[in-house]
Amino acid sequence: MRRVVTVLAAVVLALPLTSVMSFAAVQGPVFKDGQAQPVFDPTDIVRDNLWVTAPVDSDRDGKPDLVHVEVVRPRATEQGLRVPVVYQASPYYAPLNDVQNHDVDVELNVPGRGHHGHHTDDPRVAAAVGPNDAAAPITWRYESYFVARGFAVVYGESLGTGESTGCPTSGGRNETIGAKSVVDWLNGRAKGQDAAGAPVRARWATGKVGMMGVSYNGTLPNAVASTGVEGLDAIVPIAAISSWYDYYRADGAVVAPGTFQGEDLDILAEFVYTRADREICKPVIADLAKRQDRVTGDYSAFWNERNYLKDVGNVRAAVLEVHGLNDWNVKDTHFAQWYEGVKRQGVPHQLWLHQFGHADPFSIRHDEWLVALNRWFTRFLYKVQNGVENEPHLTIQREDKTWHNEAEWPVPGTSDGSLFLGAGGNARGSLGVSPSHGRVVESLTDDSSKTAESLADAASSPNRLSYTTGVTKAPLRLSGGATVDLRVSFSRPAANVTALLVDRAPNGLSKIVTRGWTDPTNRISPWFTTPITPGREYSIQVPMVPKDYVFAAGHTIEFVLLSSDFDYTLRPKPGAGISLNVTRTDLRLPVLGGQRALRAAL
C-alpha cells in the first residue's frame, strides 16, 4: 500500500492546482506479490495516432523518415496519471507481400573463377498487398493484460512498412534508429505529430520503456538496446536474432532459416515493404540484393552493420530472453551469443528455454509466463523492489515437458569433453573417449537431393560418414555449442560441409539434436575466401548450433558428416567428394561433468 500512496502522491504533485479537486477519482497502479494488479478497465482507453520523426532519410527523399505510432493508454492518464510503456516495434502490422525466394539449386562459388549464372539477385514479387487501413487499430494479444495493470502499450511500424515512411532494410541501421526514435519521443527527445502536423507529446509517459516481441518483433528490442538509448529499461526478446549474418549465413556458407530455403535480406525487405509508395524503396532493396552477396557468403561491413553483438557493451536494459530449443528458424545460436553478451555486460538477465520451436511462451506456459513477464516489467519499469533480479537466471523445460529453475546457462559444471572417431563411417564407425591410432581416411560423395535425416538414418551410404558411441550407461547433458575439428580434403575447389549430432533411441528412432555448416573456402576467416586445392588436406572447424539437451541412458550418440544439407544449404549438382582423416578428427561436446562424465557414460 505504501508504494501505491507514493505513486499517487507523485501524481498529485504533478497536477495543476485546479486538477487536485478531482484527484480522488483517479485510479493509480496497485502492486501485490511483486506484480502490477489489474485495476484499470482495459476497454476504457485513450488511443493516439501519430508520427515520430527519425533522424535518418532511408528513402532518400530529402526529408527525415517518419515512424507511424499507435498508443493505447488507460484513460486515467487524461487526469494526470503517468505510466510506463510496453512497446512493440514491428514490420508486420500491415498486410504482407507474396514473394518468391531465391533459387538454391545452384553451383557453389569457386574463388577466382567468377560467378556467372549462380543465382538471381532480383526477387520476383507475385502479388503485392496494399498498406494497412489507417482506420483499423493495431492490436496485440498482450494489450489488455498490460493496460489493465497500469502500462501503456505502444506500437511502432518499422520504416518502409504500413503508414511509416523510409525503407525496410532487414536489420539495417535505419531500422534501429527508427525504432529507437519512439523511445526518444516517449522521453521528450524526438518530435511527434498527428495527421494534421500538430505536435504530439507523451506527457502521460514516465519515460520508462520496455520493448518485447517475437521473431523480428523480438529482434528490434535487441537492436534498440544495443544503442544504449536512455529510457529503455527492459527488453524481452523472444525467438530473436542477435546477428543477421547468423540468420542467413554460417561461417561463409549461405544457409537458410529453417523452412525458408532461399530467403535472404532482400526477400524479407520485399515481404514487409508495405508503405503506400511502392516505387521509392526499389533502389534501396536492389542495393540489399547486391551487397548481401549470396555468391561468396563472406562476412562484410554490410553484415557487420546488422550485428548487434558488437554493440552489446552499450546495453543498459534488463534482459528477459526466451527461445525454443527446437527453433530452426531463428536458431539457438542467437539466444546463446546474445545471452552470453548481456551476462558479460552485467545487466540483470534471465533466460527461458522451452521445448518448442519458433513460439511465444504465451501459448506454452501461459499463466507462469505472464507472472514472470509482469514481475520483470514491474521491477524495471515501475521500480518495485520485488527481487526478480536475484532469482535463478534459467527457467528451462526438459524433454519430458517438465519445468525447472537453475542458477545459470550454460549449466554450471559444464566443460568440454572430447570424442574420437574410428573406422567404418560409410556404415557406422566408432565414436569414443579414446583416440584411434594409425591413419584412416574415409570418403563421401555429395548428393544434395537427399535430406540430412535420410542420410543419418541410412544403414550405410556413400553420401555421408557416420560414427556412433556404444549405448550410454548414464544420461549426458549437453549445455552449449558442440564443435568438430575436421581434417579433410576435397575433390573439387568448392564444397559444402555439414556436421550433425544425432541421438538414436533403442528402437532405432533418431533425432538430429544439432547441426552446423561451414564453407571451407572461409576456413581462415568468414571475412574472406581462400582457394582450396583439390586433394590437399585442410583443418576445418565446424561449430554447431548451441543446445541444452539430455541424451538418455540406453541411447547412442552419433556424429554424421555430409556435404550439402538439403533443407539449409545451397544445393549444387551431386558429385563433390570429401575425404576425412578419421584419426585426426575429434568432436568436442560441452557436457555437464566434462570428460569425466563422458568416460563414465560411455
Side-chain angles (χ1 to χ4, degrees), residues 88 142 171 210-223 225-226 234-248 250 255 257-260 307-309 312 315 317-343 345 347-366 368-370 372-373 376 392-399 401-411 414 477-482 511-516 543-550 590:
Q88 180 176 243
Y142 290 98
M211 290 185 72
M212 69 172 287
V214 181
S215 194
Y216 209 145
N217 302 353
T219 299
L220 287 164
N222 285 347
S226 74
I235 62 171
V236 183
I238 304 169
I241 294 167
S242 53
S243 169
W244 285 85
Y245 184 84
D246 296 323
Y247 188 62
Y248 288 120
V255 171
T259 73
F260 295 98
N307 179 6
Y308 312 126
L309 297 166
V312 73
V315 173
V319 180
L320 171 57
E321 188 170 13
V322 183
H323 219 96
L325 288 165
N326 290 290
D327 189 347
W328 287 98
N329 179 346
V330 178
K331 303 172 187 74
D332 291 347
T333 301
H334 294 276
F335 92 73
Q337 57 196 14
W338 184 251
Y339 188 69
E340 188 61 34
V342 298
K343 281 196 299 183
Q345 178 65 358
V347 297
H349 55 274
Q350 284 188 7
L351 176 64
W352 272 50
L353 297 175
H354 57 78
Q355 288 294 323
F356 295 85
H358 198 61
D360 185 339
F362 187 97
S363 304
I364 297 170
R365 201 186 187 206
H366 179 271
E368 294 85 351
W369 166 243
L370 289 178
L373 185 61
W376 199 256
H393 292 296
L394 175 64
T395 298
I396 186 168
Q397 186 183 35
R398 291 261 51 105
E399 291 76 8
K401 302 301 189 290
T402 59
W403 290 88
H404 305 270
N405 292 324
E406 300 194 44
E408 193 51 279
W409 195 89
V411 60
T414 297
R477 179 174 176 181
L478 182 77
S479 189
K511 175 179 179 176
I512 296 176
V513 175
T514 186
R515 56 179 104 195
M544 300 190 207
V545 173
K547 292 290 173 183
D548 198 295
Y549 184 84
V550 175

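These values consider heavy atoms only, across backbone and side chains, with no hydrogens, waters or symmetry-generated copies. This is a predicted model, so every value here is computed, not measured. We number each residue from 1, following the sequence as shown.
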Is any side-chain heavy atom of P546 less than 4.5 Å from a side-chain heavy atom of T333? yes
For W352, the side-chain hydrogen bond (donor to acceptor under 3.5 Å, both in side chains) test, sequence neighbours excluded, returns none
Please report the interatomic distance CD(E399) to CG(D548), rounded to the nearest 0.5 Å. 7.5 Å
Where do G341 and V312 come nearest, in terms of heavy atoms and distance? C-CG2, 3.7 Å
Minimum heavy-atom separation for G218 and P237, please, with both atom names. O-CB, 3.4 Å
N222 side chain near I241 side chain, heavy-atom distance below 4.5 Å: no
State which residues pass ring-ring contact (aromatic ring centres under 6.0 Å, His included) with H323; sequence neighbours excluded, sorted by chain then number. F335
Which residues pass the side-chain hydrogen bond (donor to acceptor under 3.5 Å, both in side chains) test with Y142, not counting sequence neighbours? D360, W369
Applying side-chain hydrogen bond (donor to acceptor under 3.5 Å, both in side chains), name anything that partners S215, two or more places apart in sequence or on another chain. H358
Among all residues two or more places apart in sequence or in another chain, which pass the side-chain contact (heavy atoms from CB on, under 4.5 Å) test with V411? E406, T414, R477, S479, L592
Listed by chain and number, what are the ring-ring contact (aromatic ring centres under 6.0 Å, His included) partners of Y216, not counting sequence neighbours? Y92, W244
Rounded distance [0.5 Å steps], CD1 in I238 versus OG1 in T219: 11.0 Å
CZ-CH2 distance between R365 and W403, expressed to the nearest 0.5 angstrom: 5.5 Å
Tell me, do L373 and M212 make a side-chain contact under 4.5 Å, heavy atoms counted? yes
Do the non-hydrogen side-chain atoms of L478 and P590 ever get within less than 4.5 Å of each other? yes
So, using side-chain contact (heavy atoms from CB on, under 4.5 Å) as the criterion, who are the partners of E408 when residues are at least two apart? Y339, K343, H349, H393, P412
What one should report as the nearest heavy-atom pair of A359 and I364 is CB-CD1, 3.9 Å
Y247: partners by side-chain hydrogen bond (donor to acceptor under 3.5 Å, both in side chains), with sequence neighbours left out: N329
Quick one: closest heavy-atom pair of S243 and N307, and the distance? CB-OD1, 3.5 Å
Contacts of N326 meeting side-chain contact (heavy atoms from CB on, under 4.5 Å) (sequence neighbours excluded), chain-then-number -> Q355, K511
Run the side-chain contact (heavy atoms from CB on, under 4.5 Å) test on Y308 and V315 for me, step by step, so that the C-alpha distance in whole Å, both residues' side-chain angles and the decisive distance to 0.1 Å come before the verdict. CA-CA 10 Å; Y308 312 126; V315 173; over 6 Å; no
Point-to-point distance, once rounded to the nearest 0.5 Å, from CD of Q350 to CD of E321: 12.0 Å
Take L353 and L394 through the test side-chain contact (heavy atoms from CB on, under 4.5 Å) and record every step on the way to the result. CA-CA 8 Å; L353 297 175; L394 175 64; 4.0 Å; yes
Side chains of T514 and W328: does their closest heavy-atom pair fall under 4.5 Å? yes
Shortest non-hydrogen contact from G324 toward H354: CA-CE1, 3.2 Å
Do Q337 and D246 have side chains that approach each other closer than 4.5 Å (heavy atoms only, starting at C-beta)? yes
Could you tell me whether the side chain of P221 reaches within less than 4.5 Å of the side chain of V236, counting heavy atoms only? no
Applying side-chain contact (heavy atoms from CB on, under 4.5 Å) to T402 and not counting sequence neighbours gives R398, D400, H404
Run the side-chain contact (heavy atoms from CB on, under 4.5 Å) test on F362 and V214 for me, step by step, so that the C-alpha distance in whole Å, both residues' side-chain angles and the decisive distance to 0.1 Å come before the verdict. CA-CA 11 Å; F362 187 97; V214 181; over 6 Å; no
Residue set satisfying salt bridge (charged side-chain N to carboxylate O under 4.0 Å, His left out) with D332, at least two apart, ordered chain then number -> K547
What one should report as the nearest heavy-atom pair of I235 and A225 is CD1-CB, 3.8 Å
